[in-house]
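Here is the structure we will look at.
So that the names make sense, note that chain A is the first sequence line, chain B the second, and so on, each numbered from 1.
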Protein chains: 2
Amino acid sequence: MTTQTAAQSRAAAKQSYDAYLSSCPSRNLLDRISDKWVSLVLVALGESDRRYSELARQLAGVSQKMLTQTLRTLERDGLISRVMTLSVPVRVDYSLTPLGVSLLPILAAVKDWAEEHMDQVIAARDDYDTADPPRS
Amino acid sequence: MTTQTAAQSRAAAKQSYDAYLSSCPSRNLLDRISDKWVSLVLVALGESDRRYSELARQLAGVSQKMLTQTLRTLERDGLISRVMTLSVPVRVDYSLTPLGVSLLPILAAVKDWAEEHMDQVIAARDDYDTADPPRS
DNA sequence: CTGCATCCCAAACGATACTG
DNA sequence: CAGTATCGTTTGGGATGCAG
């Protein structure tokens, strides 16, 4: 067991982390990437690199605080990289790291699913709300 | 434009919903499905139908309140269905609807990504925390 | 332009007790 | 077993003001 292939390592890692367990770090990570702003930022950066102000404009309604907080966390977790250009005024560009790129298609799928199935969900809600409550 | 195929409807729907816009309902839906408990519940039900108590056991650390709340929302949104059997004691089974099934592989991918990339994220955090803060 | 610090309120959440 | 109800705490997140 001293030598193992990358595939074997990955399989072992997959087994040793279990998001169903509250004590497992992956539960925490799942919570972090399961986030509205994370999805939108990642997908936006997937289209192309973005400046801070470009992200703020594209993610309508995001506050400075949430945007900065989200970007910092994503940077710390190694999903995006931040490049600051010292000029006047200062310019900051964000881009996806390879790790971020690996997550991108998944979160893009989540965002797309929401947009594509909105009608069905609205219909389901309408059914649920108009249906008679079950008698016990 | 009075008649259109289902495919055309879907294409139109896709264009008319944009999660980047704060006023768009899909932004709200994205927020709902971007949820730790939603992922875990959906994936658990993807394995097989589950009773309330089985879910409570599998999702370690979830409170009754959050579990019930999550299940109600998912039911209302048409992602899961709830079947109550009036016996003593009462028995309630949850299962995925076709709409839920369509979301399952996506959220399963999110959960798997978290478990598979935990090591890389931990390493990235370590780098970030030990690195010298950039001087300005 | 790109933040950080602070205040503050509302919503989220956990714990507990109770019910059909 | 499968919830509901209530309470108290924590957290999320917006608004504002300041700084490099």
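- Counting only distance, with no hydrogens or angles, the side chain of Arg27(B) and the backbone of Tyr20(B) share a donor-acceptor pair below 3.5 Å.
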Go along nucleotides 3-18 of chain D 5' to 3' and tag each nucleotide: B for a protein heavy atom under 4.0 Å from its base, S when only backbone or sugar atoms are that close, - otherwise.
BB--------BB--B-
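- Regarding Arg57(B), its CZ atom lies at a distance of 13 Å from the C1' atom of dA2(D), rounded to whole Å.
- Between Ser34(B) and Lys36(A) the shortest heavy-atom distance is CB-N, 4.0 Å.
- Between Arg32(A) and Asp77(A) there is a salt bridge, with a side-chain nitrogen of the basic residue lying less than 4.0 Å from a carboxylate oxygen of the acidic one.
- Note: CD (Glu75(B)) to P (dA2(D)) measures 15 Å, nearest angstrom.
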What do the steps show when you test Ser81(A) against Thr97(A) for side chain to side chain donor-acceptor pair (under 3.5 Å), and what is the final call?
CA-CA 6 Å; Ser81(A) 86; Thr97(A) 63; over 6 Å; no
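- Within the structure, a side-chain polar atom (N or O) of Arg51(B) is placed less than 4.0 Å from OP1 or OP2 of dA2(D).
- Arg125(A) has no carboxylate O lying under 4.0 Å from a charged side-chain N of Asp127(A), or vice versa, which leaves the two without a salt bridge.
- Residues forming a side chain to side chain donor-acceptor pair (under 3.5 Å) with Trp37(B) (at least two apart in sequence, or on another chain): none.
- The phosphate of dT2(C) (OP1 or OP2) has a side-chain N or O of Ser53(A) nearer than 4.0 angstrom.
- Rounded to an integer number of Å, the gap from Glu54(B) CD to dC1(D) C1' is 12 Å.
- The rotation axes computed at either terminus of the helix from dC1(C)-dG20(D) to dG20(C)-dC1(D) lie 50° apart, taking five pairs at each end and rounding to 10 degrees.
- No side-chain heavy atom of Tyr94(A) sits less than 4.5 Å from a side-chain heavy atom of Leu74(A).
- Put simply, the side chain of Val110(B) does not reach to within 4.5 Å of the side chain of Val43(B), judged on heavy atoms.
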